[in-house]
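Structure first, commentary second.
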Amino acid sequence: MRITVTSVLVDDQEKALAFYTDLLGFVKKHDVPAGGARWLTVVSPEDPDGVELLLEPSGHPAVGPFKEALVNDGIPFTSFTVKDVQAEYERLRGLGVTFTQPPTQMGPVTTAVFDDTCGNLIQIAAM
């Protein structure tokens, strides 16, 4: 068993696609109409056949309160690995990304948390 697709719940798929590709550097893998939304995935350019991130519409009634509670408590929805948290923090801040937690060392791991503009806090981490 292995993970092939995981989701992040987004308020606006087009806005999310721009953020996750133009700012974070992922590349679009699939974009297929699916009812009133799209099956829209992105992947790391370093692993184009690896795990896909589904930019999942957050239309279900439970999603709004769930996302709001996580953001209010400062809890990231997901985490991405980077080689150098400080360098990625500086790069993304230079592109206008808002961070809720600057690079913070926690034992052998350094993390930072940013707002993805689509209703989620996302963590970046490096060991």
Side-chain angles (χ1 to χ4, degrees):
M1 189 178 304
R2 65 186 179 98
I3 299 169
T4 56
V5 177
T6 189
S7 299
V8 63
L9 300 161
V10 299
D11 300 338
D12 179 318
Q13 284 186 302
E14 197 59 39
K15 182 178 177 184
L17 180 61
F19 184 87
Y20 281 81
T21 57
D22 298 344
L23 297 178
L24 298 187
F26 291 106
V27 294
K28 182 168 58 172
K29 175 92 178 205
H30 295 287
D31 189 351
V32 179
R38 296 147 61 187
W39 179 264
L40 181 60
T41 66
V42 296
V43 294
S44 169
E46 297 172 14
D47 191 9
D49 294 320
V51 176
E52 297 177 45
L53 179 66
L54 175 62
L55 304 177
E56 179 82 41
S58 58
H60 188 281
V63 172
F66 170 73
K67 286 173 59 172
E68 184 178 333
L70 290 178
V71 170
N72 287 343
D73 289 343
I75 299 171
F77 186 77
T78 196
S79 182
F80 302 132
T81 300
V82 296
K83 291 178 184 169
D84 181 332
V85 171
Q86 185 67 43
E88 194 65 15
Y89 170 80
E90 296 298 336
R91 182 185 80 80
L92 292 173
R93 280 199 47 190
L95 294 171
V97 174
T98 302
F99 278 78
T100 61
Q101 177 203 303
T104 304
Q105 187 149 0
M106 300 177 186
V109 178
T110 301
T111 66
V113 178
F114 63 85
D115 180 338
D116 78 347
T117 74
C118 298
N120 302 293
L121 298 178
I122 305 293
Q123 178 177 269
I124 54 174
M127 291 189 91

Side chains of Asp116 and Phe77: closer than 4.5 Å at any heavy-atom pair?
no
Would you say Phe66 ends up clustered with Val113 if hydrophobic residues are merged whenever their side chains have heavy atoms under 4.5 Å apart, either directly or through other cluster members?
no
Rounded to the nearest 0.5 Å, the CZ atom of Phe26 sits from the CZ atom of Phe80 at a distance of 4.0 Å
How would you list, by chain and number, every residue that makes a ring pair (Phe, Tyr, Trp, His ring centres under 6.0 Å) with Phe99, sequence neighbours excluded?
Tyr89, Phe114
Is there any salt bridge (Lys or Arg N to Asp or Glu O under 4.0 Å) pair reaching into residues 12-26, and which pairs are they, with sequence neighbours excluded?
Glu14-Arg38
Could you state whether Ile3 and Leu54 fall into the same hydrophobic cluster, counting links through intermediate Ile, Leu, Val, Met, Phe, Trp or Tyr residues with side-chain heavy atoms under 4.5 angstrom apart?
no
Closest non-hydrogen atom pair, Leu40 against Asp31
CD1-CG, 3.6 Å
Work out which heavy atom in Leu53 is nearest to a heavy atom in Ser7; give both atom names and the distance.
CD1-C, 4.0 Å
Salt-bridge criterion met for Arg91 and Glu88 (N-O under 4.0 Å):
yes
Inter-residue atom distance Ile124.CD1 - Thr110.OG1, 0.5 Å rounding
10.0 Å
Taking every non-hydrogen atom, the tightest pair across Pro103 and Gln86:
CG-OE1, 3.4 Å
To the nearest 0.5 Å, atom OG1 of Thr21 lies from atom NZ of Lys28 at 8.5 Å
Measure across Leu92 and Leu23 and return the closest heavy-atom pair with its distance rounded to 0.1 Å.
CD2-O, 3.5 Å
Does a donor on one side chain and an acceptor on the other come within less than 3.5 Å for Thr111 and Gln101?
yes
Quick one: does Val42's side chain get under 4.5 Å of Leu55's, heavy atoms only?
yes
Asp73 CG to Glu68 CD distance, which is reported to the nearest 0.5 Å
10.5 Å
Are the side chains of Asp49 and Lys29 in touch, meaning some heavy atoms are under 4.5 Å apart?
yes
Answer whether the closest heavy-atom distance between the side chains of Glu56 and Val63 falls below 4.5 Å.
no
Leu95-Leu24 co-clustered via ILVMFWY side chain contacts under 4.5 Å
yes
Check for a donor-acceptor pair, side chain of Ser58 on one end and backbone N or O of Val10 on the other, with a separation under 3.5 Å.
yes
What heavy-atom pair brings Ser79 and Ala125 nearest, and what distance separates the two atoms?
OG-CB, 4.1 Å
Is Ile122 linked to Ile75 within one hydrophobic cluster, defined over Ile, Leu, Val, Met, Phe, Trp and Tyr using a side-chain heavy-atom separation of less than 4.5 Å?
yes
Looking only at heavy atoms, what is the nearest atom pair of Val43 and Gly50, with distance?
CG1-O, 4.3 Å
Flag the pair Thr78 / Thr6 as yes when at least one side-chain heavy-atom distance between them is below 4.5 Å, and no otherwise.
no
Could you tell me whether Glu46 atom CD has more than 12 heavy atoms of other residues or ligands within 6.0 Å of it?
no
Is there a donor-acceptor contact under 3.5 Å from the side chain of Thr117 to the main chain of Asp115?
no
Do Leu9 and Phe19 belong to the same hydrophobic cluster, where Ile, Leu, Val, Met, Phe, Trp and Tyr are linked whenever their side-chain heavy atoms lie under 4.5 Å apart, directly or via other members?
yes
